[in-house]
Each structure stands twice: as C-alpha cells, then as structure tokens.
Amino acid sequence: MSREYRVGHTFPLICPHCEKPALATIASEAAGGGVEEPPYLLELARCSVCNEPFLTVDVDYAQGWDGPDVLWPEQLRPLSHHVPQSLRREHEEARQCFKAKAYTATAVMVRRTLEGVCSEQGVAGANGRPKPLVKMLEQLKNEGRIHGRLLEWAQEL
C-alpha cells in the first residue's frame, strides 16, 4: 500500500448528513486488505458545516486509489469497479440528478445508462441505425443476459 496516512488533513465533499458542500477533516484511519482483497483505507472524518462524523473507504484496485466512498451513514451502494468508466459516469450523473430532484433529467440519464449497458453487451442497431431501447433489453432478456425485472423497470421508465 503506497498511500500515505492523512489524519488531520481535509478534503472537499457533499456532506452525507447535511448535504451541503463542506470540508471533511480526517480524525482517524485504518488500513487493510492486500492478500485476498485489494488494499483499502478506512477514514473516520467530520463535516466542517454540521460537525457530524462519517466513515469512508478508499480502495486500490491496482489502477490507483478510487477516491473515498461514504460507508456510513449508509448511502447509495457504489458501483463495482468492473463497471466500465463510461457507464459509471452516466450512472453517477443519474444519481446526482435524482439527488437534486431533477427527475426528468434522472430518467434521461438512466435511459443513457441502460443504452450504454446494451452497447457494452454488443446489442445495438444495424447499419448505424439505433434499435429502440426496449428491443435491445428484450434481446438481452431473451438471451438470458438480464433478468426480466430489469426489462419491466425499463418499460416503466
């Protein structure tokens, strides 16, 4: 593990408690992993605005440290590091839109994420013409690559 300890350092974030832009001060750290799991660093920090504590984890998946994810208080579950970066960006933007209560924009970003999943799975239109999303998802379901529930949810969106 090549990451230096940062107790006493601050970093910017949106606080998981008060949801305001703030600086977090790292109060304590503990490192682990490295044999059967990737190295990770747990950090206990405190928000500069509301003074509430929270716990983060930063993981090194052999491509460098990802940046801390809030473990507590419980947030939305982070995506697997196996998800391609382009899909991670679309998904994160959908989450940000939802958090901002921009629900139409959320639906658009979820659709783009689903289209990206289909593209990653090699399901797209022919001759440069896009196939309707519902048809792409139906193809993935029929091929047994997604559960039918995802298709139902997508149709509702």
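Model, not experiment: these values are computed from the prediction.
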Trainee: Quick one: closest heavy-atom pair of Phe54 and Pro73, and the distance?
Mentor: CB-CD, 3.8 Å
Trainee: Just so I know, are the side chains of Thr106 and Lys99 near enough to count as touching, which here means a heavy-atom distance under 4.5 Å?
Mentor: no
Trainee: Quick one: do Leu55 and Val57 end up in the same hydrophobic cluster if we chain Ile, Leu, Val, Met, Phe, Trp and Tyr together by side-chain heavy atoms under 4.5 Å apart?
Mentor: yes
Trainee: Given 3.5 Å as the limit, does a donor-acceptor pair link the side chain of His17 with the main chain of Cys50, or not?
Mentor: no
Trainee: Between Phe11 and Thr25, is there a side-chain heavy-atom distance shorter than 4.5 Å?
Mentor: no
Trainee: Cys47 versus Cys18: any side-chain heavy-atom pair under 4.5 Å?
Mentor: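 Yes; the side chains approach each other to less than 4.5 Å.
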Trainee: Sorted by first residue and then second, give each salt bridge (charged side-chain N to carboxylate O under 4.0 Å, His left out) pair with at least one member in residues 81-94; sequence neighbours left out.
Mentor: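 Every salt bridge (charged side-chain N to carboxylate O under 4.0 Å, His left out) pair that includes a residue of residues 81-94, provided the two are not neighbours, is Glu90-Arg112.
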Trainee: Under 4.5 Å between side-chain heavy atoms, counting indirect links through other Ile/Leu/Val/Met/Phe/Trp/Tyr residues: same cluster for Leu23 and Leu44 or not?
Mentor: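 As far as the 4.5 Å side-chain criterion goes, Leu44 and Leu23 are not connected within one cluster.
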Trainee: Going by heavy atoms in the side chains, are Leu41 and Glu29 under 4.5 Å from each other?
Mentor: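 Side chain of Leu41 against side chain of Glu29, heavy atoms only: contact under 4.5 Å found.
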Trainee: Going by heavy atoms in the side chains, are Asp58 and Thr56 under 4.5 Å from each other?
Mentor: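 The answer is no; the side chains never approach within 4.5 Å.
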Trainee: About how many Å separate OG1 of Thr113 and CG of Leu87, when rounded to the nearest 0.5 Å?
Mentor: 7.0 Å
Trainee: For the pair Arg111 and Leu133, evaluate side chain to side chain contact (heavy atoms under 4.5 Å, CB included) and give the outcome as yes or no after the intermediate values.
Mentor: CA-CA 8 Å; Arg111 179 186 179 90; Leu133 177 59; 3.6 Å; yes
Trainee: Please answer whether the main-chain N or O of Gln121 pairs with a side-chain N or O of Arg145 as donor and acceptor at a distance below 3.5 Å.
Mentor: yes
Trainee: Report the C-alpha distance between Cys15 and Lys20 in whole Å, list the side-chain angles of each, state the deciding distance to 0.1 Å, and finish with yes or no for side chain to side chain contact (heavy atoms under 4.5 Å, CB included).
Mentor: CA-CA 6 Å; Cys15 175; Lys20 294 181 180 169; 5.5 Å; no
Trainee: Side chains of Ser86 and Glu120: does their closest heavy-atom pair fall under 4.5 Å?
Mentor: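 Yes, side chains in contact.
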Trainee: Walk me through whether His147 and Lys141 qualify under side chain to side chain contact (heavy atoms under 4.5 Å, CB included).
Mentor: CA-CA 6 Å; His147 190 278; Lys141 179 189 171 286; over 6 Å; no
Trainee: Could you grab the distance from atom NZ of Lys135 to atom CG of Asn142, nearest 0.5 Å is fine?
Mentor: 10.0 Å
Trainee: Hey, mind stepping through Ile26 and Thr10 against side chain to side chain contact (heavy atoms under 4.5 Å, CB included) and telling me if it holds?
Mentor: CA-CA 6 Å; Ile26 299 169; Thr10 60; over 6 Å; no
Trainee: Working to the nearest 0.5 angstrom, can you tell me the gap between Leu137 CG and Trp153 CH2?
Mentor: 12.5 Å
Trainee: Ignoring hydrogens, what is the shortest heavy-atom contact between Val49 and Pro21? Give both atom names and the distance.
Mentor: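 Where Val49 meets Pro21 most closely, the heavy atoms are CG2-O, 3.7 Å.
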Trainee: Where is the tightest heavy-atom contact between Leu151 and Val134, given as atom of each residue plus distance?
Mentor: CD1-O, 4.1 Å
Trainee: For the side chain of Arg46 and the backbone of Asn51, is there at least one donor-acceptor N/O pair under 3.5 Å apart?
Mentor: yes
Trainee: Hey, does Val117 have a side-chain heavy atom less than 4.5 Å from the side chain of Leu150?
Mentor: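 No, their side chains stay 4.5 Å or more apart.
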Trainee: Of all heavy-atom pairs between Glu37 and Tyr40, which one has the smallest distance, and what is that distance?
Mentor: OE2-CE2, 3.4 Å
Trainee: Show the nearest heavy-atom pair for residues Ala24 and Leu13, with the distance to one decimal.
Mentor: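 The answer is CB-CD2, 3.3 Å.
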Trainee: Give a yes or no on whether Leu71 and Val59 share a hydrophobic cluster (residues Ile, Leu, Val, Met, Phe, Trp, Tyr; joining criterion: side-chain heavy atoms under 4.5 Å apart).
Mentor: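 Shared cluster, yes.
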Trainee: Quick one: does any side-chain atom of Ser119 pair with a main-chain N or O of Glu115 as donor and acceptor, under 3.5 Å?
Mentor: no
Trainee: How long is the gap from CH2 on Trp72 to CG on Leu42, to the nearest 0.5 Å?
Mentor: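 Reported to 0.5 Å precision, the distance equals 14.0 Å.
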Trainee: Can you confirm whether Leu140 sits close enough to Cys118 that some side-chain heavy atom of one is under 4.5 Å from a side-chain heavy atom of the other?
Mentor: yes
